[in-house]
Q: 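Quick one: structure below, then a few questions.
No experiment lies behind these values; they were computed from the predicted model shown. So that the names make sense, note that chain A is the first sequence line, chain B the second, and so on, each numbered from 1.
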Amino acid sequence: MKRISPSETFMAAITWAAALLTAGALLYIIGFILWRGVPYITPSLFAPVYNSINVSLLPALVSTVMMAVLSLSFALPLGIGAAVYLAEYARRGNRAVRLIRLAAETLAGIPSIVYGLFGMLFFVVWLGWDFSLLAGSCTLAIMILPLLLRSGEEALLSVPDSYREGSFALGAGKLRTVFRIVLPAAIPGVLAGVVLAVGRIAGETAALIYTAGTVAQIPPDVFASARTLSVHMYALSREGLHTNEGYATAVVLLLVVIGINVIAARIAGKIGGAHERV
Amino acid sequence: MNVFDITDLNLWYGKFQALQNINMSASEAEITALIGPSGCGKSTLLKTLNRMNDLVPGCRVTGSVCLSGMDIYGNLNVNDLRKRVGMVFQKPNPFPMSVYDNIAFGPRTHGVKSRYALDEAVENSLKAAAIWDEVKDRLRKSALGLSGGQQQRLCIARALAVKPEVLLLDEPTSALDPISTGKIEELLLELKNDYSIIIVTHNMQQATRISDQTAFFLLGEMIEYDSTEKIFSMPQDKRTEDYVTGRFG
Amino acid sequence: MRAVFFLAALASVLAVLLICLFLFGNGVPALLKIGIFKFLAGQEWAPSDVPPLFGILPMIAGSLYVTACALILGVPVGILTAVFLARVCPPRLYRFLKPGVDLLAGIPSVVYGFFGMAALVPHFHSSILSAGILLGVMILPTMAGIAESALRAVPEHYYEGALALGAGHYRAVFRVILPAARSGVLAAVVLGMGRAVGETMAVIMVAGNQARMPNSIFQGVRTLTANIVMEMGYAAELHRGALIATGVVLFVFILLVNLCLSALNRRIT
Amino acid sequence: MRKIGYIMAAVLLTLALLAGCGQGTQGTQGGQSSQSSQATPGSSTATPEPEAQPITVVSREDGSGTRGAFIELFGIEQKEADGTRKDLTTKEAVIANQTEVVLVSVAGDAGCIGYVSLGSLNDSVKAVDIDGAAATTDNVKSGMYSVSRPFIIATKGDPSGVAADFIGYILSAEGQAVVQSSHYIPLEAAEWQSGQPSGKITVAGSSSVTPLMEKLTEAYAVVNPNAVIEIQMSDSSAGLTAAIDGACDIAMSSRDLKETEAAELTPVKIAIDGIAVVVNKDNPVSNLTKDQVKAIFTGETLQWSDV
């Protein structure tokens, strides 16, 4: 029997124990939600209109998807653009890079209620957008910006320099190299950031209550107030009248998040192979 | 006609001077080998010829380097320079794409759009790199699946696809087994008639086997530059003689 | 084109400046009116009394205790899980565990709140401990996800080099790979801590929210963010100013932590 | 060794999953769904006879309308002649910012005591009588059960258009019928005829009033289909400040207006809601005097045995 040093087995044990703990917590929570929520998932829950008797969550579901799409369409270009600048253009130690990184790290640290305060003061009151999908998604865009920037930069930095050199040596310009070689190779990392960002959007309540409001409707336009699934769950369970439907909403929310993770993983797989069409 | 004319070339990385007043010229349709101990500046010189040194922060160059009479540090667009002067690196670096896309990337960069033209360019360059038979039925598969020797020949094919005038090779076979090395050397001898080739190598037998001219470098200076037979049989400078006979270096 | 990327990078700086402008603009006048020392060191928080009292020392202590407890429980498990995911986990298990961990990050904090109330409060009552455990679980996925990608970014030949010297698998992972990914792992911890300090909805349900100084981890406590969320809805004039000032305190606290960590990070690399 | 590790891991994980479900059943079944079978009473931990049990006080967040009314009705709020007010609720009280959290906390801990709106009372907890009067809508209407507070809506100046019409509807017999059916105490109905005005108004404010307001708007929509009423749920003062700022047309409040608010807004009482003092179902105590409740909530009485 080959002798395994005691420190090896110890380290193996604590690593497996940590993983088991995480998996255990995961299953415990999922079990809890499913047990409390699944019995109350009824077709009426998906009726097109919300009213106080039949607390349908369809408006909230649609609003969540719209909120995610809107905030990602604001934050993704900015986040990736910033990541490209930090990873591809900026010189290592110059002051601008340190300033940007500090700003991003601070943004990541700010609690969601402070975003709610800021969103209310700036988007809702100062810009006069009132409680609206736009105010909510702009606030969320700022919240997920550091996540996208950090994972984007990490992904770009992990692309080996030999790819860049190979591309330059063929006379490709900086831009073509970044967009055709570096970014496609970094897509999986970027998508990991997008998955985390969507998780954050789907789970956010504190910031949205003060920016997007709590009206249970499918927003007719960007300036209409709307509640996402987690705000819907918060509102339902708040008064103790619809707690069960609250858990049912939680189950639906989990399915939405799982769906997004699966789609992102599939896209990562396909694009990762980076076949350039003519 | 000379393909490259280098006059009083000096190069610094920050404070460290890597090249001291280099004067040489490489002629067409010939293989020029650059030899010397590691850190002597031969790779630095090679990277100056297609301005890959521009990517190194703090790199400063004086003197002139002319490609067929035009100063490459003048108003020549750097991308056009690199199109005309292809380079193959020490470690094979195919892109994480299919074999076809790897080869087609160069032509697509320089505006080739039609499917037919691309197919033809891919086939010709793979044949020119003597690897067509080994990859012709897996063009759609990822290039990362090929062996080290095949990947290097793929990189040569990729460089050839943009139809350069000069081909620079930075110790192309140092990471390869003898058989692959032999294949690449045969390939370079064939390519000699269509492209001027400048190769940096540690392997002195390789220099004698395939090069017409050889330049010996030491500590950033070019010690001697002459035909390969002269360098290896009757070196003028004692230091060249010591290096070539393997007494140091 | 470089300028466009630079502008995109500046967006985050602009966002921070905007937030500063609005927070300080609304929070500082109230802070000055209450008096900075009375505000930061006051132990009595009674906004609806006449005359109102705005002392947030109990909340500062609350936030520190809860976050410390969450980090003590969450960070080691988070990093070990990241090591497990990146270097130990058999592929079959990974296909289920990784989406599971990402899913944990997606669960809304309200759900964590109810989970905490049903599972933790009956055993540990509404206290720092239950809030710490709950937050520990909540920051786990954030840290594990980002630390794992940092560990995966470490080049393979470091690992092979260590093995070639006869080091065991785990020794190579803990002694070579983990230190090499230090800055990424540190960033993961910072993000995890940011999430822990910023969490509100779940903490409110399990922390007890008593606005007084706790003296044991089994006692309930109110955090800075809980204080804002619970009272922001109905706060008016000076009371709302005090809450925004609490937001300013949080903001400055996080800025300071980031400054120290980036300084520490620079000295290591 | 590897094989055993995998099996052990699998066993542990399934255990965690079952525990999660198990925990689900023991938690209370909130809401009116009385038909759910597994509503097991009491907390999951076997606690000693509640008599010797320490009292855990649960109160609402500082500005909640329910709390404002509660501390006033039980004299927990000390009012001095010179206008100073001091809330004497014990600092040890657990603060819950949602009715559901109060219900789950009280149901989960044998020694717990809290208060909720009568409209939100459910069978997971037990309401105690106050000075001998049971907490029912009839007792509140008859005045026997004195612990109640008005639901108020307020507008800036006199309401007009859809707002006026809607308020008229609420005070009408039809509107008060909706109040009655939602377990709140209706007022005498006033005459009213709908002018069917069109337009959109926003109603914002107290979360305690929101459930009733949702029912009222749905009923009103039937009477006047071309009016659109949007409800923003936040808190009493948020609604009142929004009305003062003109950000919403009608504000909802579950407490009386403060002087500063009354100066700007015209309040209208629309219903009365009782406040039920609730304890754990295992707690034998079924009647408390106002002074006993005050003693508990100000932290004088600490053990159920001293009550």
Q: Considering only heavy atoms and a distance below 4.5 Å, find which of A/Leu107, A/Leu157, A/Val198, A/Ile142 pairs most often with chain C.
A: A/Leu107

Q: For the residue pair A/Leu254 and C/Val111, establish whether any side-chain heavy-atom pair is separated by less than 4.5 Å.
A: no

Q: Can you find a heavy atom in the side chain of C/Ser109 that is under 4.5 Å from one in the side chain of A/Thr205?
A: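 They are in side-chain contact.
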
Q: Can the ring centroids of C/Phe114 and A/Phe32 be said to lie less than 6.0 angstrom from one another?
A: no

Q: Could you walk me through whether A/Ile29 and C/Tyr112 pass side chain to side chain contact (heavy atoms under 4.5 Å, CB included), step by step?
A: CA-CA 8 Å; A/Ile29 295 178; C/Tyr112 275 110; 3.4 Å; yes

Q: Can you tell which part of C/Ile244 gets under 4.5 Å to a heavy atom of chain A, answering side chain, backbone, both or neither?
A: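 Interface part for C/Ile244: both.
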
Q: Between C/Leu97, C/Val197, C/Leu7, C/Val77, which shows the greatest number of heavy-atom pairs under 4.5 Å with chain A?
A: C/Val77

Q: Below 4.5 Å from any heavy atom of chain A, which atoms of C/Leu259 appear? Answer side chain, backbone, both or neither.
A: both

Q: Please report the closest heavy-atom contact between A/Ala82 and C/Ala9, naming both atoms and the distance.
A: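 Heavy atoms of A/Ala82 and C/Ala9 come nearest at CB-CA, 3.4 Å.
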
Q: Test A/Leu175 against C/Phe5 for side chain to side chain contact (heavy atoms under 4.5 Å, CB included), laying out the working first.
A: CA-CA 11 Å; A/Leu175 218 45; C/Phe5 291 127; 4.1 Å; yes

Q: Pick from C/Val4, C/Val83, C/Val137, C/Leu18: which one has the most heavy-atom pairs with chain A under 4.5 Å?
A: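 Answer, by heavy-atom pair count under 4.5 Å with chain A: C/Leu18.
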
Q: Sort C/Leu23 into side chain, backbone, both or neither according to what part of it lies under 4.5 angstrom from a heavy atom of chain A.
A: side chain

Q: So C/Thr200 and A/Ser112, do their side chains get closer than 4.5 Å, heavy atoms only?
A: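 Touching, per the 4.5 Å side-chain cut-off.
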
Q: Please rank A/Ser151, A/Ala19, A/Ala250 by heavy-atom pairs under 4.5 Å with chain C and give me the top one.
A: A/Ala19

Q: Can you tell me which of A/Leu149, A/Thr22, A/Thr249, A/Val114 forms the most heavy-atom pairs within a distance under 4.5 Å of chain C?
A: A/Thr22

Q: Under a 4.5 Å heavy-atom cut-off, does chain A meet the side chain of C/Val190, its backbone, both or neither?
A: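 The side chain, not the backbone.
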
Q: Please round to the nearest 0.5 Å and tell me the distance separating atom CZ of C/Arg240 and atom CE of A/Met120.
A: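 One finds 4.0 Å between CZ of C/Arg240 and CE of A/Met120.
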
Q: Verify side chain to side chain contact (heavy atoms under 4.5 Å, CB included) between A/Tyr85 and C/Leu10, making sure each step is shown before the conclusion.
A: CA-CA 10 Å; A/Tyr85 176 73; C/Leu10 281 189; over 6 Å; no

Q: Shortest non-hydrogen contact from C/Tyr170 to A/Glu8?
A: N-OE1, 3.2 Å

Q: Side chains of A/Leu26 and C/Val101, heavy atoms from C-beta outward: is any pair under 4.5 Å?
A: no

Q: Looking at A/Ala104, A/Ser230, A/Ala12, A/Ala202, which makes the most heavy-atom pairs under 4.5 Å with chain C?
A: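 Going by pairs under 4.5 Å, I would pick A/Ala12.
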
Q: CG/C/Leu104 to CD1/A/Ile30 distance, rounded to the nearest 0.5 angstrom?
A: 6.5 Å

Q: Rounded to the nearest 0.5 Å, what's the gap from CZ on C/Phe174 to CD1 on A/Ile14? Could you check?
A: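 Rounded to the nearest 0.5 Å, the CZ-CD1 separation comes out at 5.0 Å.
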
Q: Can you tell which part of A/Ala25 gets under 4.5 Å to a heavy atom of chain C, answering side chain, backbone, both or neither?
A: side chain

Q: With chain C, which of A/Tyr247, A/Tyr89, A/Trp126 has the greatest number of heavy-atom pairs at distances under 4.5 Å?
A: A/Tyr89

Q: Which bit of C/Phe6 comes within less than 4.5 Å of chain A, counting heavy atoms only: side chain, backbone, both or neither?
A: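 Backbone plus side chain of C/Phe6, per the 4.5 Å heavy-atom cut-off to chain A.
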
Q: How many angstroms lie between atom CG of C/Asn227 and atom CD1 of A/Ile113, to the nearest 0.5 angstrom?
A: 10.5 Å

Q: Can you tell me which portion of A/Ile110 sits under 4.5 Å from chain C's heavy atoms? Options are side chain, backbone, both or neither.
A: both

Q: If you count heavy-atom pairs within less than 4.5 Å of chain C, which of A/Leu21, A/Leu102, A/Val262, A/Val231 leads?
A: A/Leu102

Q: Name each donor-acceptor pair under 3.5 Å that joins a side chain in residues 138-152 of chain C to protein atoms two or more places apart or in another chain, with its distance.
A:
residue  : atom : partner  : partner atom : Å
C/Glu148 : OE1  : C/Lys98  : NZ           : 2.8
C/Glu148 : OE2  : C/Tyr94  : OH           : 2.7
C/Glu148 : OE2  : C/Arg152 : NE           : 2.7
C/Glu148 : OE2  : C/Arg152 : NH2          : 3.2
C/Ser149 : OG   : C/Ile146 : O            : 2.8
C/Arg152 : NH2  : C/Leu85  : O            : 3.0

Q: What are the two closest heavy atoms between C/Arg195 and A/Arg200, and how far apart are they?
A: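 Nearest heavy atoms, C/Arg195 then A/Arg200: NE-NE, 4.3 Å.
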
Q: Taking all atoms of both residues into account, what is the closest heavy-atom pair of A/Leu78 and C/Ala8, and its distance?
A: O-CB, 3.7 Å

Q: Considering only heavy atoms, which portion of A/Leu86 lies under 4.5 Å from any heavy atom of chain C: side chain, backbone, both, or neither?
A: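 Looking at A/Leu86, nothing touches chain C.
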
Q: Report yes if some heavy atom in the side chain of A/Tyr28 is under 4.5 Å from a heavy atom in the side chain of C/Phe115; otherwise report no.
A: yes

Q: Let me know if C/Leu17 has heavy atoms under 4.5 Å from chain A in its side chain, its backbone, both or neither.
A: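 Neither; nothing under 4.5 Å.
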
Q: Where do C/Val16 and A/Ala103 come nearest, in terms of heavy atoms and distance?
A: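 It is CG2-O, 3.5 Å.
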
Q: Does a side-chain heavy-atom distance below 4.5 Å link A/Tyr115 with C/Ile19?
A: yes

Q: For the atom pair NE2 (C/His169) and OG1 (A/Thr15), what is the distance rounded to the nearest 0.5 Å?
A: 8.0 Å

Q: What pair of heavy atoms forms the shortest contact from A/Ala206 to C/Met201, and how long is it?
A: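 The pair with the smallest heavy-atom distance is CA-CE, 3.8 Å.
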
Q: For residues 4-22 of chain C, pull every pair meeting side-chain hydrogen bond (donor to acceptor under 3.5 Å, both in side chains), keeping only residues two or more places apart or in separate chains.
A: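 Qualifying pairs, neighbours excluded: none.
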
Q: Taking the side chain as C-beta and beyond, is there a heavy-atom pair between C/Leu21 and A/Phe122 under 4.5 Å?
A: no

